[in-house]
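One structure is given below, encoded as structure tokens.
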Amino acid sequence: MSDVLLLNSGVCVSASIGLESVRAFTADSACNGLSIQPSLDGLVNCMRDLQSFDCISVYGSAIPTPGISTADFSSIDVDADQVHAGQVLNVIAFVTGDYPVLFSTDKGTLVDITSTSLGTDHLCYTDAPFGVGDPDCDTDSVTVGDGIVVAKILIGSDTPRGLGHVTVTQNGQSIVKEFHVAGLGASVKFTFIDGTDTVETGSTIAAMPGDTAIDSDCPLDTAAAYAPTGSPKRTRVFTQVLDDEGTPLAGIILNWNHPFRTHTVGGGIVVGPAPQGGVAYSQTPGFDFGTLGIGFPQIVCGGAEPGDLILSATTNQVSDPLEPQVYGEVTVHVAQAGTPTITATATDTPTPTPTSTAAMTDTPTDTPTSTSTATPTATNTPTPTFTATATVRNTSTSTPTPVATSTPAPARCYTARERLHIIIQVLRRMNARRRHPGYDPRYDVNNDGVLNIADILAVLAAPRCADRH
């Protein structure tokens, strides 16, 4: 035996479809039937881009696929060897001879293709149908194997969480693999990974892979999710489903409310973007992205109108029946393309103190206070993490003072730091009106009920007062 690979059933399906473009039906059937040799061979042939009968029928041809190795699974083995209740962990053993193979696990239950329990120990020694046997373990030279024997570990609702072990033994040689059992989904977490929660208007229609005629600002290409956006019209939000202990979960599908490319879902329901934009992918899985963790970098694209784009992601219970319905919401600010940037005020801005990283207070008043002198960070980096129900807009509940929300008196002056802070906040909330979620009266300098360029001009025209200490 040369190696053992563990593959989460949910990740197998979603990664085969999303990363290898395998047909949904074939991916679902093959990933749930890997313990049958023709089913596994068919999936490998599809991922090798072999246009054969194997890519149409899950069982395909009885002829074994030559030379299968761990490299054939490298693109879809993105589950960090994690599994949770309701999922199956496929144990893929790369064998070197036709001998019986013993599988033993200390978490979950070994099952056959029909989900019938085989206990915590199972010996494969026949070429029996339906995943109980395999040509590579029947000691019969007449039946030709493909060099792989697969067992399935079902994780039940009563399976304890934590570290598990599966041992595979053939011809006196054993290999032990560790896996992690997590809990069911409890929350959704959002993290902006391109350094901004704001995009510009004007993205073109989401382009499907192969749509070479479309110069899209919102690419519907999985490769784009792995790279920085490179455009002010889009950003990426890394989205994770967490269990109640905060562990990110692999293999869970999330449905999004505003896909940028309009299409029809089950029941004839048409889904599409909001006026402010939408997301590139209508569904996102949970993959292991290394340093980023387990989740998916959803691409968010600005639409035709500025304002707050409120996005929601909900767990897909069809793909994971035991998974509870978990909902999360995140807000992306959409600014009008071509909006003036804060660089116009650069000559009016004092040099920030290098060691200060405190954010500008959101409640400036005419009374000098120590909190109004905090220096904003140079890049105005948004808070990196948002919980399932949090949005990225300002959620401060402090009550503004009468001076900040009333019509500014002619003698009202602003320090350079206050000017910069107000300009930044107006740009982030551009065109937000009273009773709009993004409106904040503290930045409505001219008190006309809307945050726009007029407020920026008003604060620039106001008298400048000395920095308060």
Side-chain angles (χ1 to χ4, degrees), residues 18-19 190-239 254 256-263 271-285 287 289-292 295-313 330-344 377-386 391-393 423-432 438 453:
L19 303 180
F190 304 94
T191 306
F192 287 91
I193 56 177
D194 288 319
T196 180
D197 60 1
T198 301
V199 298
E200 292 184 356
T201 57
S203 290
T204 55
I205 187 171
M208 295 287 287
D211 288 350
T212 54
I214 298 179
D215 183 14
S216 176
D217 296 304
C218 194
L220 191 59
D221 185 342
T222 308
Y226 287 78
T229 58
S231 169
K233 298 178 182 179
R234 63 181 186 267
T235 189
R236 293 180 303 166
V237 56
F238 196 67
T239 308
L254 285 172
W256 291 77
N257 61 336
H258 289 304
F260 201 80
R261 188 176 182 124
T262 301
H263 65 279
V271 293
Q276 294 77 25
V279 295
Y281 308 101
S282 60
Q283 293 184 326
T284 54
F287 292 159
F289 279 82
T291 55
L292 285 176
F296 196 86
Q298 175 68 281
I299 299 175
V300 184
C301 308
E305 299 181 10
D308 281 350
L309 173 60
I310 301 175
L311 300 169
S312 65
V330 64
T331 299
V332 176
H333 306 294
V334 182
Q336 182 67 48
T339 300
T341 65
I342 62 173
T343 55
T377 57
T379 57
N380 190 28
T381 304
T383 302
T385 299
F386 304 91
T391 63
V392 297
R393 62 178 179 271
I423 290 170
I424 291 172
Q425 297 303 323
V426 171
L427 290 176
R428 293 182 65 188
R429 296 165 169 81
M430 185 62 67
N431 295 324
I453 193 67

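Hydrogens, waters and symmetry mates are skipped; everything else that's a heavy atom, side chains included, is used. Quick note: residue numbers are just sequence positions, from 1.
Heavy-atom minimum distance, Gln298 versus Tyr281: NE2-O, 2.8 Å. Pairing each heavy atom of Val271 with each of Pro259, the nearest pair is CG2-CG, 3.6 Å. Smallest separation of non-hydrogen atoms from Pro273 and His258: C-ND1, 3.9 Å. Taking all atoms of both residues into account, the shortest heavy-atom contact from Ala274 to Leu309 is CB-CD1, 3.9 Å. What you find for Phe260 and Ser203 is that their closest heavy atoms are CZ-O, 3.5 Å. Summarising the geometry of Ala335 relative to Thr198, their closest heavy-atom pair is CB-CG2, 4.3 Å, with the distance given to 0.1 Å.
Not a single donor-acceptor pair under 3.5 Å links the side chain of Glu200 to the backbone N or O of Gly302. Side chain of Thr235 to backbone of Thr196: a donor-acceptor contact under 3.5 angstrom is found. At least one donor-acceptor pair closer than 3.5 Å links the side chain of Asn257 to the backbone N or O of Ser312. Using modelled atom types, one side-chain atom of Thr201 and one backbone atom of Ala337 make a donor-acceptor pair closer than 3.5 Å.
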- [ ] Any chance you could lay out the side chain to side chain contact (heavy atoms under 4.5 Å, CB included) test for Val332 and Phe192, step after step, and finish with the verdict?
- [x] CA-CA 10 Å; Val332 176; Phe192 287 91; 3.8 Å; yes
Open item on the list: Run the side chain to side chain contact (heavy atoms under 4.5 Å, CB included) test on Ile299 and Arg236 for me, step by step, so that the C-alpha distance in whole Å, both residues' side-chain angles and the decisive distance to 0.1 Å come before the verdict.
Closed with: CA-CA 5 Å; Ile299 299 175; Arg236 293 180 303 166; 4.1 Å; yes
- [ ] Apply side chain to side chain contact (heavy atoms under 4.5 Å, CB included) to Gln276 and Asp308, showing your working.
- [x] CA-CA 7 Å; Gln276 294 77 25; Asp308 281 350; over 6 Å; no
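With a 4.5 Å cut-off on side-chain heavy atoms, Phe296 and Phe287 count as touching. The closest side-chain heavy-atom distance from Pro297 to Phe238 is below 4.5 Å.
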